[in-house]
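The block underneath contains the structure these notes are about, expressed in structure tokens.
Computed from a prediction, not measured in an experiment: that's the story for all the values here.
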Amino acid sequence: MRLPKWSSAVTLVLLLVISAAAFTAGRRTAEFDEITVKKITVVDDEGRTRVLLAGGYGPRRADLAGLLFINQEGVEAGGLVYMGKRDTSGAVDAGAILTFDQFGNDQIVALSYDQNGGRKRQGLTIQDRPDSLTDRLKEAYRAVESATSKEERDSLVEHYFARIPRREIAARRLFVGRSWNQSSLVTLSDPDGRAKLRLEVDSLGAASIQFLDDAGDVVRTITP
């Protein structure tokens, strides 16, 4: 009669040890000198994906690597991504951008760098976006998201978004940085994204303040 009692006692102890070990293993912090991975998914205490770290983001954004931020509702909320390569002629095609998205919408703050061959632009952009999407804008987004290639996506963007007013999509209100023409520039725009006031120091060092009309034409310039 002693053997079953001892056997039961040993089994109970073993179960307790295994349970404690499993609990400890679940809370253990792993350390590595180096890992190789295509994507890392960071989740919160509820198991919801909150951050993605990847070397590529599917067919449409395969060139982009970096971080994507996800809100509690599972919607992309911004990110930090970059790319850079040379074409067959040696020309540079590169860029990097840190974005912050409006809730339920797209980016409204962006710190970016773009380079296409010898042309470069870098700066801070602030945009206005509507608090809710119109039906035709939702239709446009659905169509663009269905694209399977960059060429198809560009064609759909041109087809749909050319017919929608800028204030219904996104209107750039402020740009501060270095423009494509090598000017140091501050541009302030109206709710439709039309530039109205421009402070500029051009590539030769000449400074000016320019006022623009709705068509984008300079109607007054103040110089030193």
Side-chain angles (χ1 to χ4, degrees), residues 60-61 64 66-73 75-83 94-116 119-145 153-154 156-203 205-224:
R60 288 198 299 106
R61 297 189 285 186
L64 297 179
L67 294 168
L68 290 182
F69 309 127
I70 314 296
N71 66 23
Q72 289 93 323
E73 296 188 358
V75 180
E76 184 179 323
L80 171 59
V81 295
Y82 65 93
M83 59 85 65
I97 186 168
L98 170 64
T99 64
F100 302 91
D101 293 358
Q102 179 172 300
F103 183 83
N105 208 314
D106 211 336
Q107 65 190 48
I108 53 174
V109 179
L111 185 63
S112 63
Y113 148 70
D114 294 292
Q115 182 171 352
N116 186 357
R119 301 176 69 241
K120 292 180 290 185
R121 178 181 64 180
Q122 54 265 7
L124 171 68
T125 301
I126 305 294
Q127 297 191 110
D128 268 349
R129 290 186 183 272
D131 291 331
S132 60
L133 305 182
T134 61
D135 290 338
R136 60 179 172 178
L137 190 55
K138 291 178 182 178
E139 178 187 2
Y141 278 130
R142 284 194 296 268
V144 171
E145 286 298 320
R153 184 176 188 275
D154 292 343
L156 289 169
V157 167
E158 183 178 357
H159 172 73
Y160 280 96
F161 289 93
R163 300 175 295 168
I164 303 176
R166 296 305 306 172
R167 67 168 60 201
E168 198 172 311
I169 308 171
R172 191 176 80 170
R173 302 302 305 277
L174 169 70
F175 174 79
V176 181
R178 189 245 199 214
S179 66
W180 293 112
N181 63 3
Q182 303 181 41
S183 294
S184 178
L185 188 67
V186 176
T187 302
L188 302 174
S189 305
D190 68 12
D192 289 306
R194 295 174 299 203
K196 289 301 185 70
L197 178 63
R198 189 161 57 211
L199 289 76
E200 181 177 11
V201 178
D202 67 20
S203 60
S208 65
I209 301 174
Q210 302 168 3
F211 298 86
L212 299 86
D213 61 16
D214 289 348
D217 297 323
V218 177
V219 295
R220 184 183 180 194
T221 300
I222 301 175
T223 63

Measure across [X] and [Y] and return the closest heavy-atom pair with its distance rounded to 0.1 Å.
| X | Y | value |
| --- | --- | --- |
| Ile97 | Ser112 | CG1-CB, 3.8 Å |
| Ser203 | Asn181 | CB-O, 4.1 Å |
| Pro191 | Ala171 | O-CB, 3.1 Å |
| Val144 | Phe161 | CG2-CE1, 3.6 Å |
| Ala143 | Tyr160 | CB-CE1, 3.4 Å |
| Asn105 | Pro130 | ND2-O, 3.3 Å |

Listing, residues 214-224 side-chain donor-acceptor contacts under 3.5 Å, not counting sequence neighbours, or none:
residue	atom	partner	partner atom	Å
Asp214	OD1	Lys196	NZ	2.9

Can you list, pair by pair, the side-chain donor-acceptor contacts under 3.5 Å of residues 162-170, counting residues two or more places apart and other chains?
residue	atom	partner	partner atom	Å
Arg163	NE	His159	O	3.3
Arg166	NE	Ala170	O	3.3
Arg166	NH2	Ala170	O	3.1
Arg167	NE	Asp192	OD1	2.7
Arg167	NH2	Asp192	OD2	3.0
Glu168	OE1	Arg136	NH2	2.9
Glu168	OE2	Thr134	OG1	2.7
Glu168	OE2	Arg136	NE	2.8

Rounded at 0.5 Å granularity, tell me how far CG in Leu199 sits from CD1 in Ile209. 5.0 Å
Rounded to the nearest 0.5 Å, what separation is found between the CD atom of Gln102 and the CD atom of Gln107? 11.5 Å
Audit row: Ile126, Val109, side chain to side chain contact (heavy atoms under 4.5 Å, CB included) steps and yes/no: CA-CA 5 Å; Ile126 305 294; Val109 179; 4.0 Å; yes
Looking at residues at least two apart in the chain, or sitting in another chain, which of them share a salt bridge (charged side-chain N to carboxylate O under 4.0 Å, His left out) with Arg172? none
For Arg61, the salt bridge (charged side-chain N to carboxylate O under 4.0 Å, His left out) test, sequence neighbours excluded, returns Glu76
Determine which pairs satisfy ring-ring contact (aromatic ring centres under 6.0 Å, His included) with at least one residue from residues 94-114, sequence neighbours left out, and list them in order.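 Of all non-adjacent pairs touching residues 94-114, none passes ring-ring contact (aromatic ring centres under 6.0 Å, His included).
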Only one of Asp190, Leu188, Leu212, Thr187 forms a side chain to side chain contact (heavy atoms under 4.5 Å, CB included) with Leu197, so which one is it? Leu188
How would you list all residue pairs meeting side chain to side chain donor-acceptor pair (under 3.5 Å) that involve residues 124-133, not counting sequence neighbours?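 Listed by first then second residue: Asp128-Arg173.
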Is it the case that atom OH in Tyr82 sees more than 12 heavy atoms from other parts of the structure closer than 6.0 Å? no
Counting only N and O atoms by type, is there a donor-acceptor contact under 3.5 Å from the side chain of Gln122 to the main-chain atoms of Gln115?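 No, because the side chain of Gln122 does not come within donor-acceptor range (under 3.5 Å) of the backbone of Gln115.
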